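Everything below concerns the one structure shown next.
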Amino acid sequence: MASAATTSERGARPALATTYEGDDAELFARIVPLVDYIEISPDTIAASHTGEARLRKAVVDEYAAVRDKVGFIAHGIGLSIGSFDRWNDCYIRLLDELFGHLDITWHSEHLGCTTVAGKTVGTMFALPRTGEALDLVCARVQRIQDRYRAPFLLEHIINLLPDEPAEYAPAGFLNAIVARTGCGLIIDAYNLECDAHNQGLDIAAFLDELDMAAVRELHLAGGVAHDGFHLDVHSGLVRDSTLNLGLDIVSRAPKLAAVTYEFLKEAVPLIGHDAICAELCRLRRAVLQ
């Protein structure tokens with residue numbers, strides 16, 4: 001099993017990771033031998049318990065049963081690190097609980113907001129790239145780094161709304177966060193393709209500007225289109241164009257620790273167990289060897 005430290009020190013190829021959200025023992029048994037890490041999203045394995053969200057014991061027990069075979073990384077959805085008023089303290093409690101049960105090699109969150117003025121918006125919005133937003137995010141990243149000893153990464157998200165005038169370019173905003181906090185980055189190849197299609201992002205220019213030494217994880221996924229708009233709904237296999245972009249990112253990122261194939265639990269019946277396992281094998285051959 002590879003680790004972030006040994007990967008960067010040896011200059012070896014990155015480890016392979018994938019998602020698993022519980023309740024499918026057959027799939028879990030098949031993917032564990034194929035990967036180095038399981039990506040856990042605390043939000044998706046939680047349930048209400050006496051009015052408070054708690055991790056589901058049955059799913060945590062599934063993870064614990066294979067802790068001698070794979071490592072674990074955490075990837076949050078609902079922290080809402082960029083909300084102007086406050087982040088989601090409930091997510092922090094879930095993360096505390098997860099760290100209490102399992103050894104988490106590193107953890108991450110999306111650079112966006114899922115609540116506005118305390119109300120859930122039902123999606124995730126990218127942040128304005130301003131000095132004020134930079135100050136807010138960096139202060140919260142530092143709070144997270146002080147709370148947990150594991151490295152913390154941020155993932156860029158797609159822009160659902162047209163871009164507005166900004167003080168920073170997309171890559172420049174990420175670079176500024178990294179420079180101030182020392183956190184790492186996740187680059188999602190399909191997210192970049194979505195922004196290129198939807199908003200005209202120049203992917204080559206983005207990657208040329210980005211501090212690639214800060215990129216610790218690469219996400220690969222397949223998504224959907226609605227009325228011509230591409231959405232990062234992880235519901236399919238990785239397209240050839242996404243994989244080719246991923247290979248370019250691997251070649252550029254000297255400290256890349258893992259490549260993660262992401263799929264939603266709801267998409268498993270659509271994709272199928274056989275196809276998921278075949279995809280993990282394909283990605284290991286293409287990216288990691």
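From a predicted model like this one, the values you see are computed outputs, not experimental measurements.
The side chain to side chain donor-acceptor pair (under 3.5 Å) search around His75 returns Ser108, His110, Glu155, not counting sequence neighbours. For Glu266, the side chain to side chain contact (heavy atoms under 4.5 Å, CB included) partners two or more places apart in sequence, or in a different chain, are Leu264. Remark: Asp146 pairs with no residue by the salt bridge (charged side-chain N to carboxylate O under 4.0 Å, His left out) rule, at least two apart or across chains. Residues meeting the salt bridge (charged side-chain N to carboxylate O under 4.0 Å, His left out) test with Glu262, sequence neighbours left out: none. Residues meeting the side chain to side chain contact (heavy atoms under 4.5 Å, CB included) test with Arg93, sequence neighbours left out: Glu52, Asp89, Cys90. Shown here are the salt bridge (charged side-chain N to carboxylate O under 4.0 Å, His left out) partners of Asp24, two or more places apart in sequence or in another chain: there are none. Taking the side chain to side chain contact (heavy atoms under 4.5 Å, CB included) definition, one finds that Ser241 meets it with Glu193, Arg239, sequence neighbours left out. Residues meeting the ring pair (Phe, Tyr, Trp, His ring centres under 6.0 Å) test with Tyr190, sequence neighbours left out: none. With sequence neighbours excluded, the residues satisfying side chain to side chain contact (heavy atoms under 4.5 Å, CB included) with Ala74 are Leu95, Leu98, Ile104, His107.
Closest heavy-atom contact between Ala221 and His234: CB-CD2, 3.3 Å. Between Ala189 and Gly246, the shortest heavy-atom distance links the atoms CB-N, 4.3 Å.
A heavy-atom distance below 4.5 Å is found between the side chains of Val250 and Leu218. Counting only heavy atoms from C-beta outward, the side chains of Asp103 and Arg67 never approach each other to under 4.5 Å. Between Arg56 and Asp23 the shortest side-chain heavy-atom distance falls below 4.5 Å. Asp188 has its side chain within reach of His156: a pair of non-hydrogen atoms, C-beta onward, lies under 4.5 Å apart. At a threshold of 4.5 Å between non-hydrogen side-chain atoms, the residues Tyr37 and Thr260 do not count as touching.
Among pairs with a residue in residues 209-226, none fulfils salt bridge (Lys or Arg N to Asp or Glu O under 4.0 Å), at least two apart in sequence or across chains. Each salt bridge (Lys or Arg N to Asp or Glu O under 4.0 Å) pair with one or both residues in residues 173-183, not counting sequence neighbours, appears once here: Asp135-Arg180. The side-chain hydrogen bond (donor to acceptor under 3.5 Å, both in side chains) analysis of residues 168-179, with sequence neighbours excluded, yields no pairs.
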Worked check of side chain to side chain contact (heavy atoms under 4.5 Å, CB included) between Ile187 and Leu256: CA-CA 10 Å; Ile187 296 301; Leu256 188 69; over 6 Å; no

Evaluation steps, side chain to side chain contact (heavy atoms under 4.5 Å, CB included), between Tyr148 and Asp96: CA-CA 9 Å; Tyr148 307 105; Asp96 286 345; 2.6 Å; yes

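Between Tyr20 and Tyr63, the ring-plane angle classifies as perpendicular under the 30° and 60° cut-offs.
Side-chain atoms of Thr105 do not come within 3.5 Å of backbone N or O of Ile73 as any donor-acceptor pair. Glu167 contributes a side-chain N or O that, together with a main-chain N or O of Gly131, makes up a donor-acceptor pair within less than 3.5 Å. Between the side chain of Thr181 and the backbone N or O of Cys138, no donor-acceptor pair lies under 3.5 Å. Between the side chain of Gln199 and the backbone N or O of Asn159, at least one donor-acceptor pair lies under 3.5 Å. Of the possible polar contacts, none joining the Asp195 side chain to the Ile158 backbone as a donor-acceptor pair under 3.5 Å is found.
Ser41 and Thr44 share no donor-acceptor pair across their side chains, judged by distance under 3.5 Å alone.
A salt bridge does not link Lys265 with Asp43: none of the charged nitrogens is closer than 4.0 Å to a carboxylate oxygen.
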